[in-house]
Amino acid sequence: MKMSTQSTQPKPVQKESSGGAFYAGRGVTKTPMISHAKGIFFWDTDGKRYLDGSSGAVAANIGHGNERVRDAMIEQAKRFSYVVRTAFTSEATETLSRMIAELAGPGFDQTFLVSGGSEAIESTLKLARQYAVVTGQPKRSKVLARMPGYHGSTLGAAAVTGDPDRDQMFGPIMRVMPKIPAPLSYRIPDGYDVHSYADHCADELERQILAEGEDTVLAFIMEPVGGVATGALVAPNSYYSKVRKICDRYGVLLIFDEVMCGAGRTGTFLAAHHWPDALPDLVACAKGLSAGYTPLGAMIAPNRIVDKVVESGGFLHGHTYSGNPLSSAIGVAVLSELVNQNLMENAQRMGVILRQKLNALKDRSTTIGDVRGIGLLNAVEIVEDKATKAIFPAARQASYRVSEIARDLGLHIYSRRAASGKFGEWFMAAPPLIITEPEIGLFMELLTETFRIFESEI
């Protein structure tokens with residue numbers, strides 16, 4: 001019998017598919033398709049230009065289209081892109097690990113490289129737990145966190161995230177950890193000012209430790225400068241030192257989530273460096289480590305913790321792409337740009353200018369209730385009534401409408417309505433650290449027009 005040479009495989013059916021369908025649903029207007037990017041701008045396939053006012057999701061710290069990063073990426077890819085970390089290492093991986101530890105400063109000796117922020121958070125939780133067990137403290141398993149707060153999307157990270165909506169949805173398949181109030185600076189309860197409320201929130205940490213049983217509490221995790229859950233929240237200086245002392249008093253490890261605020265975003269490599277008397281035990285960092293050029297994250301830890309775990313047999317944790325050579329080479333190039341181009345100093349200077357201009361816009365606006373932040377990590381809170389701080393009704397989706405208007409005008413801003421608006425809504429004013437004063441002027445022109453249109457619709 002003559003066999004047919006024609007393939008019996010079915011022809012692939014072309015489908016209309018988009019990752020955005022998981023968020024906006026089918027049939028909703030598609031988001032613009034980006035063609036190319038350079039500096040603080042990117043262009044869509046129709047030729048429209050956008051100023052990246054939030055560094056994507058507060059990640060593109062050194063801007064887009066950096067040629068030195070591109071060249072480092074290509075050079076590493078020519079050599080090799082992957083080896084398994086348990087059997088081999090690479091020059092890029094070793095160099096990046098040392099760079100991060102050196103930039104983190106005294107007390108931060110080792111770097112564990114992963115692929116993003118959630119993985120970095122998971123790493124800190126697992127290292128803390130293993131350290132407690134191998135040092136004879138097996139009862140320590142509870143990780144206290146703040147409400148509101150955000151630490152990632154994996155179940156371990158979600159368990160320490162302060163968001164009632166996520167707890168309701170995913171609580172049945174994870175162990176939701178105890179929460180204490182975050183030291184909010186705008187929506188302060190009656191009877192407090194910023195300082196007394198921050199002091200109260202620190203006291204709540206101690207009360208919660210005692211309520212849980214001090215020998216059962218493993219760690220306290222917090223963002224030293226808030227991300228999307230609290231809108232660039234910065235507490236009074238006294239809060240940080242008090243939290244550090246409380247953790248020391250009860251043998252609780254202090255973990256800083258610097259996924260968003262680290263890697264130079266606030267004007268120092270770690271936001272923790274703003275409070276040198278309150279340095280954490282462990283740090284999770286991501287986003288700005290690779291500035292959006294590749295998925296990359298890191299846990300930064302001291303030898304006093306790592307050595308105990310290694311002596312017990314090693315860290316019971318890892319991922320296929322931990323210490324990936326290609327991502328490591330990109331990270332080295334990104335951090336070299338951060339240092340060589342003095343971008344942390346620029347973040348300090350431009351941050352002051354940007355906040356001044358944002359506050360001036362707030363004074364003229366009927367819907368901007370608050371501007372807060374440090375360096376180039378800032379948030380603008382949107383309210384229906386500035387006198388009462390009333391939040392817009394959920395149906396209006398105010399912060400998302402603002403970002404939609406801005407995008408139509410050629411400005412990208414990253415908005416969030418935290419916990420369905422329970423804690424307010426805002427957008428992040430966090431452009432790349434390479435931004436110049438004239439470019440801040442353009443940012444503000446587009447933002448001013450955005451609010452003119454938004455407020456005319458109300």
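All values below were derived from every heavy atom in this structure, side-chain atoms included, with hydrogens, water molecules and symmetry-related copies excluded. Sequential numbering from 1 along the given sequence is applied to the chain's residues. Not measured: the values here are computed from a predicted model.
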Test item: Phe315 and Leu127 side chains (from C-beta on) under 4.5 Å apart, heavy atoms: yes
Distance-only polar pair, side chains of Glu206 and Tyr250, donor-acceptor under 3.5 Å: yes
For Glu258 against Ala272, the heavy-atom pair lying closest together: OE2-N, 2.9 Å
Between His317 and Ser123: side-chain donor-acceptor atoms closer than 3.5 Å: yes
Main-chain N/O of Val217 paired with Glu212 side-chain donor or acceptor, under 3.5 Å: no
Side-chain heavy atoms of Phe80 within contact of Ser90, under 4.5 Å: yes
Donor + acceptor pair across side chains of His412, Ser54 (<3.5 Å): no
Donor-acceptor contact present, side-chain Asp167 to main-chain Gly171, <3.5 Å: no
Ser399 side chain to Ser415 side chain, donor-acceptor N/O pair below 3.5 angstrom: no
Shortest non-hydrogen contact between Lys179 and Val176, atoms and distance: NZ-CG1, 3.7 Å
Flag if over 12 foreign heavy atoms under 6.0 Å of NZ, Lys48: yes
Non-neighbouring partners of His200 that pass ring pair (Phe, Tyr, Trp, His ring centres under 6.0 Å), sequence neighbours left out: Tyr192, Tyr197
N/O donor-acceptor pair under 3.5 Å between Ser185 side chain and Val194 backbone: no
Note, Asp277 side chain near Ser241 side chain (heavy atom, < 4.5 Å): yes
Exercise: do Thr268 and His274 side chains pair donor with acceptor under 3.5 Å: yes
Between CG on residue Leu296 and CG on residue Leu96, distance to nearest 0.5 Å: 6.0 Å
Worked verdict on Thr266 versus Cys261 for side-chain contact (heavy atoms from CB on, under 4.5 Å): CA-CA 6 Å; Thr266 67; Cys261 62; 4.0 Å; yes
Flag, side chain of Arg265 to backbone of Leu376, donor-acceptor distance under 3.5 Å: yes
Flag if over 12 foreign heavy atoms under 6.0 Å of NZ, Lys308: no
Close side-chain approach of Leu289 to Leu113, heavy-atom, < 4.5 Å: no
Derivation of the side-chain contact (heavy atoms from CB on, under 4.5 Å) call for Met350 and Ile440: CA-CA 8 Å; Met350 294 301 107; Ile440 285 179; 3.8 Å; yes
Minimum-distance pair of heavy atoms, taken over all atoms of Leu326 and Gln76: CA-CG, 3.8 Å
All ring pair (Phe, Tyr, Trp, His ring centres under 6.0 Å) counterparts of His64, not counting sequence neighbours: Phe42
Beyond-backbone contact of Ile209 with Leu144, side-chain heavy atoms, under 4.5 angstrom: yes
Distance-only donor-acceptor check, side chains Asp44 and Tyr50, under 3.5 Å: yes
Lys357/Glu445 ion pair, N-O < 4.0 Å: no
Check: Asn378 side chain, Gly375 main-chain N or O, donor-acceptor pair, under 3.5 Å: yes
Lys/Arg-Asp/Glu bridge criterion (N-O < 4.0 Å) met for Glu425, Arg416: no
Closest non-hydrogen atom pair, Glu214 against Arg140: O-NH1, 2.9 Å
Where at least one partner belongs to residues 287-303, residue pairs that pass side-chain hydrogen bond (donor to acceptor under 3.5 Å, both in side chains), sequence neighbours excluded: Gln110-Asn303, Thr294-Ser327
Side chains of Pro431 and Ile40 in contact at under 4.5 Å (non-hydrogen atoms): no
Test log, rule salt bridge (charged side-chain N to carboxylate O under 4.0 Å, His left out), inputs Asp109 and Arg304: CA-CA 9 Å; Asp109 310 298; Arg304 61 183 170 81; over 6 Å; no
Leu361 backbone acceptor or donor facing Ser365 side chain under 3.5 Å: no
Thr161 side chain to Asp163 backbone, donor-acceptor under 3.5 Å: no
Heavy atoms from other residues, nucleotides or ligands near OH of Tyr321 exceed 12 (cutoff 6.0 Å): no
Closest non-hydrogen atom pair, Leu338 against Phe269: CD2-CD1, 4.0 Å
Nearest-0.5 Å distance, NZ of residue Lys245 to CG of residue Leu205: 14.0 Å
Ile221 backbone acceptor or donor facing Arg146 side chain under 3.5 Å: no
Whether His36 and Trp43 hold their rings parallel, tilted or perpendicular, with breakpoints at 30° and 60°: parallel
Sidechain-backbone polar pair: Gln130 side chain, Leu316 backbone, donor-acceptor under 3.5 Å: yes
Pair Ser196-Asp193, side-chain donor/acceptor within less than 3.5 Å: yes
CG-CD distance between Leu343 and Gln348, expressed to the nearest 0.5 angstrom: 11.5 Å
Side-chain touch Tyr150/Arg166, heavy atoms, less than 4.5 angstrom: yes
Glu204 with Arg207: basic N within carboxylate O range, under 4.0 Å: yes
Test salt bridge (charged side-chain N to carboxylate O under 4.0 Å, His left out) applied to Lys422 and Asp165, step by step: CA-CA 10 Å; Lys422 180 179 180 181; Asp165 291 351; over 6 Å; no
Step-by-step side-chain contact (heavy atoms from CB on, under 4.5 Å) determination, Arg244 to Asp248: CA-CA 6 Å; Arg244 178 70 270 181; Asp248 288 341; 2.7 Å; yes
Residue pairs involving residues 225-245 (criterion ring-ring contact (aromatic ring centres under 6.0 Å, His included); sequence neighbours excluded): Tyr240-Trp275
Closest non-hydrogen atom pair, Ile246 against Ala202: CD1-O, 3.2 Å
Thr436 versus Glu439, side-chain donor and acceptor atoms under 3.5 Å: yes
Side chain proximity check, Met260 to Met428, heavy atoms < 4.5 angstrom: yes
Which residues share a ring pair (Phe, Tyr, Trp, His ring centres under 6.0 Å) with Tyr131, sequence neighbours left out: none
Approximate separation, where rounding is to 0.5 Å, of His195 NE2 and Ile188 CD1: 9.0 Å
Side-chain donor or acceptor of Glu122 paired with backbone N/O of Gly156 under 3.5 Å: yes
Steps toward side-chain contact (heavy atoms from CB on, under 4.5 Å) verdict (Val228, Tyr414): CA-CA 9 Å; Val228 293; Tyr414 181 41; 3.3 Å; yes
For Glu381, side chain to side chain contact (heavy atoms under 4.5 Å, CB included) partners two or more places apart: Tyr186, Arg187, Asp370, Arg372, Val383, Trp426
